[in-house]
Amino acid sequence: MSVRVGQGLDAHPFSADADRRLVLGGVRVPNEPGLEGHSDADVVLHAIVDALLGGAGQGDIGTLFGSADPEYSGADSQVFLAGALQRISEAGWRVENVDVTIIAETLRVGPHRDVMRGSLARLLGVAQDAVSVKATSTDGMGFTGRAEGVACLAVALLTRQ
């Protein structure tokens, strides 16, 4: 059996727009400021897209869904994930598991973890136990530590179909 591992990283600053919604892993997180971005700025899905594409040797999110493209202005990042899944499938790969780490100073992921795992499992077409969502802070260091935004790391394991 042939396997590959891909990794992804994404980061976005908090938006000054009070009406901007925070979306992580395809889930609306209430009572938190939204992230600035060309699309919905879902750092979790963006990092996963890069992990999937990287593992399959199929480019990256910026190449496929560029932030200069008006078609993706305000887009739901689930569109990017669906496109990445189609691309890796056409290249003969499928997702076995995904592990994500959300990096934020004040955001509390725990209350939303199971909903995010369920959302990601559904979007990826895998069992919920094949999705891990963790969180950490940087203890005051860097832009996430200063509570200026959120970052996400993702790792995906792919196998041949």
Side-chain angles (χ1 to χ4, degrees), residues 1-12 21-30 32 34-35 37-67 69 71-72 74-105 107-139 142-144 149-161:
M1 174 169 67
S2 182
V3 299
R4 289 192 181 173
V5 175
Q7 70 173 10
L9 165 67
D10 194 47
H12 286 272
R21 304 174 347 154
L22 178 62
V23 181
L24 297 173
V27 174
R28 165 80 168 99
V29 179
E32 296 288 345
L35 298 172
H38 184 64
S39 66
D40 64 4
D42 186 331
V43 294
V44 173
L45 291 186
H46 293 185
I48 291 171
V49 167
D50 269 349
L52 296 175
L53 293 171
Q58 296 294 309
D60 61 40
I61 193 170
T63 302
L64 299 178
F65 310 104
S67 60
D69 190 334
E71 177 182 353
Y72 302 117
D76 184 326
S77 293
Q78 292 180 38
V79 170
F80 307 149
L81 183 61
L85 288 167
Q86 179 177 346
R87 192 167 179 109
I88 69 166
S89 177
E90 289 169 357
W93 297 97
R94 73 171 175 261
V95 179
E96 289 297 325
N97 78 299
V98 171
D99 182 18
V100 299
T101 303
I102 300 167
I103 307 163
E105 196 65 24
L107 175 68
R108 297 295 166 236
V109 171
H112 312 286
R113 182 184 331 272
D114 288 340
V115 176
M116 285 183 205
R117 287 182 67 217
S119 171
L120 292 171
R122 179 183 54 79
L123 293 169
L124 293 164
V126 298
Q128 189 164 326
D129 68 355
V131 176
S132 174
V133 174
K134 305 176 307 297
T136 191
S137 74
T138 56
D139 294 324
F143 87 94
T144 57
V150 177
C152 184
L153 301 167
V155 177
L157 178 67
L158 308 179
T159 56
R160 279 280 178 207
Q161 292 188 36

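Here the structure is a predicted model, which is why all the values come from computation and not from measurement. All values below were derived from every heavy atom in this structure, side-chain atoms included, with hydrogens, water molecules and symmetry-related copies excluded.
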May I have all residue pairs that pass side-chain hydrogen bond (donor to acceptor under 3.5 Å, both in side chains) and include part of residues 124-137, sequence neighbours excluded? D99-S132, D99-K134, T101-K134, S137-D139
Residue pair V126 / V95: nearest heavy atoms and the distance that separates them: CG1-O, 3.6 Å
Give a yes or no answer on whether the side chain of D60 reaches the backbone of D50 with a donor-acceptor pair at less than 3.5 Å. no
Minimum heavy-atom separation for Q161 and I88, please, with both atom names. NE2-O, 4.3 Å
Ignoring hydrogens, what is the shortest heavy-atom contact between G66 and Y72? Give both atom names and the distance. O-CD1, 4.0 Å
Are the side chains of H112 and P30 in contact, using a 4.5 Å heavy-atom criterion? yes
Measuring from atom CG of L9 to atom SG of C152, what distance do you get when rounded to the nearest 0.5 angstrom? 8.5 Å
Pairwise side-chain contact, Q78 with L45, heavy-atom cut-off 4.5 Å (strictly under): yes
Could you tell me if the side chain of V44 sits less than 4.5 Å from the side chain of V133, heavy atoms only? no
Where is the tightest heavy-atom contact between R108 and E105, given as atom of each residue plus distance? NH1-O, 3.7 Å
With the side chain counted from C-beta on, respond yes when S77 and H46 share a heavy-atom pair under 4.5 Å apart, and no when they do not. yes
Step through the shown structure and confirm whether more than 12 heavy atoms of other residues, nucleotides or ligands are within 6.0 Å of CZ on R21. no
Considering all heavy atoms of both residues, which atom of D40 and which atom of D76 are nearest to each other, and what is their separation? OD2-CA, 3.5 Å
Euclidean distance, L123 CG relative to I48 CD1, rounded to 0.5 Å: 8.5 Å
Side-chain contact, heavy-atom cut-off 4.5 Å: L22 with L107? yes
Strictly distance-based, threshold 3.5 Å: is any side-chain N or O of S119 a donor or acceptor partner for the main-chain N or O of G25? yes
Run V98 and L120 through side-chain contact (heavy atoms from CB on, under 4.5 Å) and show every step you take. CA-CA 9 Å; V98 171; L120 292 171; 5.9 Å; no
Residues L24 and M116: closest non-hydrogen pair is O-CG, 3.6 Å
Show, in sequence, the C-alpha distance, side-chain angles and deciding distance for L64 and V49, and conclude whether the side-chain contact (heavy atoms from CB on, under 4.5 Å) test is met. CA-CA 10 Å; L64 299 178; V49 167; over 6 Å; no
Kindly say whether V131 contributes a backbone atom to a donor-acceptor pair with the side chain of R117 at under 3.5 angstrom? yes
Kindly compute the distance separating NE2 (H38) from CD (E71), expressed to the nearest 0.5 Å. 9.0 Å
How far apart are the C-alpha atoms of L81 and L52, what are their side-chain angles, what is the distance that settles it, and do they pass the side-chain contact (heavy atoms from CB on, under 4.5 Å) test? CA-CA 9 Å; L81 183 61; L52 296 175; 3.6 Å; yes
Would you say L157 and V3 make side-chain contact, with heavy atoms under 4.5 Å? yes
4.5 Å side-chain heavy-atom contact, D42 and L35: no
